[in-house]
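Below: one structure, written as structure tokens.
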Amino acid sequence: MSHIAEVYAKDLGVKIGKPKLTEHFFPITKDKYICYEISSNLQAQKYDYWDIVSSLVTPTLNEYGISILEIPKIHNKQKNYFIKNSLLYFGLSNHYVNLADSYEVPSVSLLPNLYENNFNSFNHALILTPDFSELKPSFSDQEIPKRINEIKPEKIAQAIFDKLDINKKISFKPKKAGENFLK
């Protein structure tokens, strides 16, 4: 029985090979930056505490001359260039983690509704998930409550510092998030 890739290659008359990543120049005004992508169409992947993560890492990154830039809405080859030249990618576990890993760019990403083993086959990525020891992942696009919010902002911020080899310990400890915190 042939592998599906072999059948497609035979039917299309092409050779099977390794994918080739190409990038096109994209003007970036910053020399040192980390990039992120936090938007999603899926309710289960909308993390509510990105602003806290940003407020925890920005002052220290500014001391090191590192900017935080969102991955722009541009052509894919230019996104490749953008990610390839960054110091780190952080955000959701999506194809940008694959891209960063292929360019050996470290990454910190959130995976809210799957086991890490289902997604993580990377050399340079740290995948953060909720604690699935008691309540298993839903594997769903919609969750009530959203499990992604169980990942603490201080854990994400510390992971960013660790991946950048910045010797800084996050001392932020929330006392209590009230019921109207996000309203």
- Query: Are Leu110 and Leu135 connected in the hydrophobic side-chain network, where two residues link if heavy atoms are under 4.5 Å apart?
  - Reply: no
- Item | Lys152, NZ atom: more than 12 neighbouring heavy atoms under 6.0 Å | no
- Considering only heavy atoms from C-beta outward, does the side chain of Leu164 approach that of Leu61 to under 4.5 Å? yes
- Note on the structure: Of Asp51, Val53, Ile170, Asp48, the one forming a side chain to side chain contact (heavy atoms under 4.5 Å, CB included) with Pro153 is Val53
- What is the distance from atom CD1 of Ile148 to atom OH of Tyr49, rounded to the nearest 0.5 Å? 11.0 Å
- side chain to side chain donor-acceptor pair (under 3.5 Å) between Glu143 and Ser138, intermediate numbers included: CA-CA 7 Å; Glu143 291 183 325; Ser138 68; 2.5 Å; yes
- Message: Atom CD1 of residue position Ile144 - does it have more than 12 heavy atoms of other residues, nucleotides or ligands inside 6.0 Å?
- Response: no
- Counting N and O atoms only, with roles assigned by atom type, does the side chain of Lys46 sit under 3.5 Å from a partner on the main chain of Ser40, one being a donor and the other an acceptor? yes
- Does the salt bridge (charged side-chain N to carboxylate O under 4.0 Å, His left out) test come out yes or no for Lys73 and Glu37, once each step is laid out? CA-CA 10 Å; Lys73 311 286 188 247; Glu37 175 59 60; 3.8 Å; yes
- Query: So which heavy atom on Lys168 is nearest to which on Gln158, and how close?
  - Reply: O-NE2, 2.9 Å
- Query: Can you list every side-chain hydrogen bond (donor to acceptor under 3.5 Å, both in side chains) pair that touches residues 77-86, not counting sequence neighbours?
  - Reply: Glu23-Lys84, Lys79-Tyr96
- What residue among Val108, Asn167, Val57 forms side chain to side chain contact (heavy atoms under 4.5 Å, CB included) with Phe161? Val57
- Message: Tell me the closest heavy-atom pair linking Ile151 and Tyr47, and the distance in Å.
- Response: O-OH, 2.6 Å
- Item | Nearest-0.5 Å distance, CG of residue Leu87 to CD1 of residue Ile68 | 11.5 Å
- Inter-residue atom distance Leu126.CG - Asp162.CG, 0.5 Å rounding: 8.5 Å
- If you draw a 6.0 Å radius around NZ in Lys30, do more than 12 non-hydrogen atoms from other residues or ligands fall strictly inside? no
- Are Val14 and Val7 co-members of a hydrophobic cluster defined by side-chain heavy atoms under 4.5 Å apart? no
- Task: Working to the nearest 0.5 Å, report the span between CG of Leu69 and SG of Cys35.
- Result: 8.0 Å
- Under 3.5 Å donor-acceptor, Ser102 side chain and Leu99 backbone: yes
- Non-neighbouring partners of Tyr33 that pass ring pair (Phe, Tyr, Trp, His ring centres under 6.0 Å), sequence neighbours left out: Phe82
- Task: Enter the distance from Phe122:CZ to Glu104:CD here, rounded to the nearest 0.5 Å.
- Result: 14.0 Å
- Note on the structure: Correct closest heavy-atom pair for Pro137 and Leu114 would be CB-N, 3.9 Å
- Message: Please give me the minimum heavy-atom distance between Ile38 and Gly91, naming the atom from each residue.
- Response: CG2-CA, 4.3 Å
- Item | Sidechain N-carboxylate O distance under 4.0 Å for Arg147, Glu150 | yes
- Task: Please report the closest heavy-atom contact between Asp101 and Ala125, naming both atoms and the distance.
- Result: OD1-N, 3.8 Å
- Looking at residues at least two apart in the chain, or sitting in another chain, which of them share a ring pair (Phe, Tyr, Trp, His ring centres under 6.0 Å) with Phe132? Tyr115
- Is a side-chain donor or acceptor of Thr58 paired with a backbone partner of Ser54 at a separation under 3.5 angstrom? yes
- Task: Using the rule that two of Ile, Leu, Val, Met, Phe, Trp, Tyr join whenever any of their side-chain heavy atoms come within less than 4.5 Å, decide whether Leu42 and Leu128 are in one cluster.
- Result: no
- Message: If you compare all heavy atoms of Leu56 against all heavy atoms of Ala157, which two are closest, and at what distance to 0.1 Å?
- Response: CB-CB, 3.9 Å
- Could you tell me the separation between the CD1 atom of Ile34 and the OG atom of Ser107, rounded to the nearest 0.5 Å? 11.5 Å
- Message: Given 3.5 Å as the limit, does a donor-acceptor pair link the side chain of Lys163 with the main chain of Tyr89, or not?
- Response: no
